[in-house]
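First listed ligand is number 1; within each ligand, the first listed atom is number 1. All of these numbers come straight from a predicted model, not from anything done at the bench. FYI, side chains are in, hydrogens and waters are out, and symmetry mates aren't considered; it's all heavy atoms of this structure.
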Amino acid sequence: MTAELFDPGTDALAAAPLALEPGACVLRGFAFDRAAALRRELDAVLAAAPLRHLVTPGGKPMSVATTNCGALGWVSDRAGYRYTASDPLSGRAWPPMPPSFYRLAVDAAARAGIAAFAPDACLINRYVPGARLTLHQDRDERRMDQPIVSVSLGLPAVFLWGGPKRSDRARRVPLVHGDVVVWGGPARLHHHGVLPLAEGEHPFMGACRINLTFRCAG
Ligand code: MD3
Ligand code: FE
């Protein structure tokens, strides 16, 4: 009876893209109806390429646990940040991007008005309570003309949305299970981060938040 209150997938209001600023647009609940399929594909990806805490170039382990699927994957270690074709843990290629992942990213970009998005990398971040991402820019991708599409699953998070300079004041944007954000145009190089995740239990994903970010890296 109250199910529709929690189902942005069937909420007509959820369909209207919310423009954060030129190039950045929030699609509330866009992935909600696809979460069960995404969840199954995610489990298979994680079995082939486990989540791990990457080390920053400064030597500190990140609080977020990371892996990838797709032709290229993002890694960080003492030598710096870069995209690689194989998983340094296994020496094998990253697992292929599941078609349901690719479809979602392309559909979301199209909904935001970008017709030719062709991601070759999907970075997977897992946050447990307390995990966070400090303000940074994503500048390791070769294609800055292509957007980044992010998909939030599981526990809610507060996303920090800054500007071209690290010192620019950051807005707080709450992101919940099923939200998709398309970041392109002038927004592509803005600083952004995630506040420490609050405790909680999500009926679908358990005590964590998973974020998928689709990129055109090569
Ligand atoms: C805006 N991930 O993996 S997703 C990252 O929730 C990252 O895990 C966050 O920042 C997360 O690099 C935020 C939203 C996001 C991702 C990339 C962006 C926003 C972006 C690149 C440019 C501008
Ligand atoms: Fe980022």
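- Of all the N, O or S atoms in D138, the one closest to the Fe ion (ligand 2) is OD1.
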Counting only pairs under 3.5 Å, give me each side-chain donor-acceptor contact of residues 195-204, with atom names and distances, residues two or more places apart or in other chains.
unit_1: H202; atom_1: ND1; unit_2: F204; atom_2: N; d: 3.0
unit_1: H202; atom_1: ND1; unit_2: M205; atom_2: N; d: 3.3

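- Looking at R40, its side chain never comes within 3.5 Å of a backbone N or O of A35 through a donor-acceptor pair.
- When atom types are taken as modelled, the side chain of D179 and the backbone of S152 share no donor-acceptor pair closer than 3.5 angstrom.
- At a threshold of 4.0 Å, the pair D87-R52 counts as salt-bridged, since one of the basic side-chain nitrogens sits closer than that to a carboxylate oxygen.
- Angle NE2(H136) to the Fe ion (ligand 2) to NE2(H192): 90° [nearest 10 degrees].
- A salt bridge links R39 and D43; the closest N-O separation between the charged side-chain nitrogens and carboxylate oxygens is under 4.0 Å.
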For each nitrogen or oxygen atom of ligand 1, which protein N/O atoms lie closer than 3.5 Å, and how far apart are they, rounded to 0.1 Å?
unit_1: ligand 1; atom_1: 3 (O); unit_2: N125; atom_2: ND2; d: 2.9
unit_1: ligand 1; atom_1: 3 (O); unit_2: R215; atom_2: NH2; d: 3.2
unit_1: ligand 1; atom_1: 6 (O); unit_2: Y127; atom_2: OH; d: 3.4
unit_1: ligand 1; atom_1: 6 (O); unit_2: R209; atom_2: NH1; d: 2.8
unit_1: ligand 1; atom_1: 6 (O); unit_2: R209; atom_2: NH2; d: 3.1
unit_1: ligand 1; atom_1: 8 (O); unit_2: N125; atom_2: ND2; d: 3.2
unit_1: ligand 1; atom_1: 8 (O); unit_2: Y127; atom_2: OH; d: 2.5
unit_1: ligand 1; atom_1: 8 (O); unit_2: N211; atom_2: OD1; d: 3.3
unit_1: ligand 1; atom_1: 10 (O); unit_2: H136; atom_2: NE2; d: 3.2
unit_1: ligand 1; atom_1: 10 (O); unit_2: H192; atom_2: NE2; d: 3.0
unit_1: ligand 1; atom_1: 12 (O); unit_2: H136; atom_2: NE2; d: 3.2
unit_1: ligand 1; atom_1: 12 (O); unit_2: D138; atom_2: OD1; d: 3.3
unit_1: ligand 1; atom_1: 12 (O); unit_2: D138; atom_2: OD2; d: 3.0
unit_1: ligand 1; atom_1: 12 (O); unit_2: R215; atom_2: NH2; d: 3.1

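- No donor-acceptor distance shorter than 3.5 angstrom exists from the side chain of H190 to the backbone of Q137, with no hydrogens or angles considered.
- Note on D107 versus R34: salt bridge recorded, some NZ/NE/NH1/NH2 to OD/OE distance being below 4.0 Å.
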